[in-house]
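Report on the following structure.
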Amino acid sequence: MLSFLVLTIEFLGVIGYNIYMEYLKQKNKIIIKNLNNFNIKHILECGQVFRYENCGDYYLVISDSQIARIFSYANETVIECTDENYFENYFDLKTDYSHIKQQLSQFEVLKNAMEYGGGIRILRQDKLEMFISFIISANNNIKRIQNSIKKLSEKFGTKINSKQFGDYYAFPTLEQLNKITEQDFLDAGVGYRAVQLVKFIKQLNEIDLEVFSALPTEKAINELIKLSGIGPKVADCVLLFGYYKMDVFPVDTWIEKIYNNYFSQNAQISNRTIIRKNLTDIFTKLSGYAQQYLFYYERQNKNSKKSL
DNA sequence: GTGCAGGTCAGCT
DNA sequence: AGCTGACCTGCA
């Protein structure tokens, strides 16, 4: 019955429709009708993305060379954008989060976190942008990371003139990144990561970014950490947010805290390799989702203790 | 002034 | 292999 409805609507060619998300796709616009698994605040503030801005009435998002404004209303969320197909994929609207959350609900430890961040979705972001962004993120704070990425895009990215959105800047392409000097990176405020970034970009010219897609996760990590500026944590982030591999679990200061508060039976563990192994053993193919629910919950409730 | 922020890397045992 | 300290810089 429902599939008949989908086919009918698709046949009429009026709108795109998806049985899981229940959203409409129109020219330069996506309307999210079912908000159970879509909350733009949850999505943007769970730590996976840096190029966004809270503009009061709406959120502004720039990804690669595309831009969107996201308006939240009581019964629907409206995405006004340069390319509805780009953002349908970006927000991963074809993935059924009800099913994912149902599978994760077997873990009592995730209960509050999933309730709190129930609208989280893992974005499908640009690979190159993820590499550069998460190299900058190392031992850094989010505001400064965002500033650096913004400065780099506005100075070295392609300026795009949109009637609907005005002028904005795409994230620099590899060709444009190759022209950025160490001093340029320092001017963007990335600090000592400038050296790593220049080296990394040089290394990129010898590699096809797509090769990591086909590799099993552990093998991909072993290759990635050979690159400048990339350690185990950044490798996990890139694989999760750039390659959509869900069997990784980025372990940072927050996750270390969470692990020792809610997962560890014994004394405090600071070895992140062990923490990661134990967490991926628990959450396996859904590790990436679990990580985002936990990270968002803990960061938003940073002053509370033992609240899971 | 001091400490910390989504870690990485070199230099040790 | 596993551990430790140094490390840009802006903000509380």
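What you see is a predicted model; the values in this text were computed from it and never measured. Chain letters run A, B, ... following the sequence lines, proteins first and then strands; every chain starts at 1.
- One side chain, A:D247 or A:T217, offers a donor N or O that lies under 3.5 Å from an acceptor on the other.
- Distance noted for atom P between B:dG6 and C:dG5: 23 Å (whole Å).
- With a cut-off of 3.5 Å on both pairing distances, B:dG6 has no Watson-Crick or G-U wobble partner at all.
- Pairing for C:dC8 is absent, judged as Watson-Crick or G-U wobble with the two contacts each under 3.5 Å.
- Here A:I145 lies out of heavy-atom contact (under 4.0 Å) with every strand.
- Looking at heavy-atom distances under 4.0 Å, A:R193 makes contact with a base.
- Closest approach to the A:S137 side chain among B:dG7, B:dG6, B:dA5 is made by B:dG6 (side chain taken as heavy atoms from C-beta onward).
- Using a 4.0 Å heavy-atom distance criterion, A:E256 is classed as making no nucleic acid contact.
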Only pairs under 3.5 Å count here: list side-chain donor-acceptor contacts from residues 71-79 of chain A, not counting sequence neighbours, and write none if there are none.
unit_1	atom_1	unit_2	atom_2	d
A:E76	OE1	A:K33	NZ	2.9

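- Following rounding to the nearest Å, A:N141 (CG) and B:dC4 (C1') show an atom-to-atom distance of 9 Å.
- Between the CD atom of A:E45 and the C1' atom of B:dG6 there is a distance of 15 Å, rounded to whole Å.
- Taking a centre distance below 5.5 Å and an interplanar angle below 30 degrees as the stacking criterion, A:F295 stacks against the six-membered base ring of B:dG6.
- Between the CZ atom of A:F200 and the P atom of B:dG7 there is a distance of 18 Å, rounded to whole Å.
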Pairs under 3.5 Å (N/O, protein and nucleotides 9-13 of chain B):
unit_1	atom_1	unit_2	atom_2	d
B:dC9	OP1	A:G229	N	2.6
B:dC9	OP2	A:I230	O	3.4

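- Of the residues listed (A:V190, A:V198, A:D187), the one engaging A:E182 in a side-chain contact (heavy atoms from CB on, under 4.5 Å) is A:V198, and it is the only one.
- Rounded to an integer number of Å, the gap from A:W254 CH2 to B:dC4 P is 13 Å.
- Contact annotation: A:N140 side-chain N/O to B:dG7 OP1/OP2 distance is not under 4.0 Å.
- Computed from coordinates, the A:K143 NZ to C:dC11 P distance equals 7 Å when rounded to whole Å.
- Checked against the 6.0 Å centroid threshold, A:F134 and A:F50 count as a close aromatic pair.
- With hydrogens and angles left out, the side chain of A:R144 and the base of C:dC8 share a donor-acceptor pair within 3.5 Å.
- When rounded to the nearest whole Å, the span between CG of A:D187 and P of C:dC8 equals 16 Å.
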CA sep, side-chain torsions, deciding dist, call: A:N139, A:Y192, side chain to side chain contact (heavy atoms under 4.5 Å, CB included): CA-CA 10 Å; A:N139 191 28; A:Y192 59 76; 3.2 Å; yes
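- Nucleic acid contact class of A:V251 (heavy atoms, under 4.0 Å, all strands): none.
- Computed from coordinates, the A:L197 CG to B:dG7 C1' distance equals 13 Å when rounded to whole Å.
- The cationic group of A:R276 does not satisfy the cation-pi geometry with A:F249, failing either the under 6.0 Å distance to the six-membered ring centre or the 45° limit from the ring axis.
- The gap from the P atom of C:dC8 to that of B:dG11 amounts to 15 Å, rounded to the nearest Å.
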Audit row: A:Y97, A:N36, side chain to side chain contact (heavy atoms under 4.5 Å, CB included) steps and yes/no: CA-CA 9 Å; A:Y97 269 75; A:N36 288 336; over 6 Å; no
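- Residue order along DNA chain C, read from the 5' end via each residue's closest nucleotide, puts A:N139 first among A:N147 and A:N139.
- If you take CD of A:Q146 and P of C:dC11, they are 13 Å apart, rounded to a whole angstrom.
- For the atom pair CD of A:Q48 and CD1 of A:I43, the computed distance is 7.5 Å after rounding to the nearest 0.5 Å.
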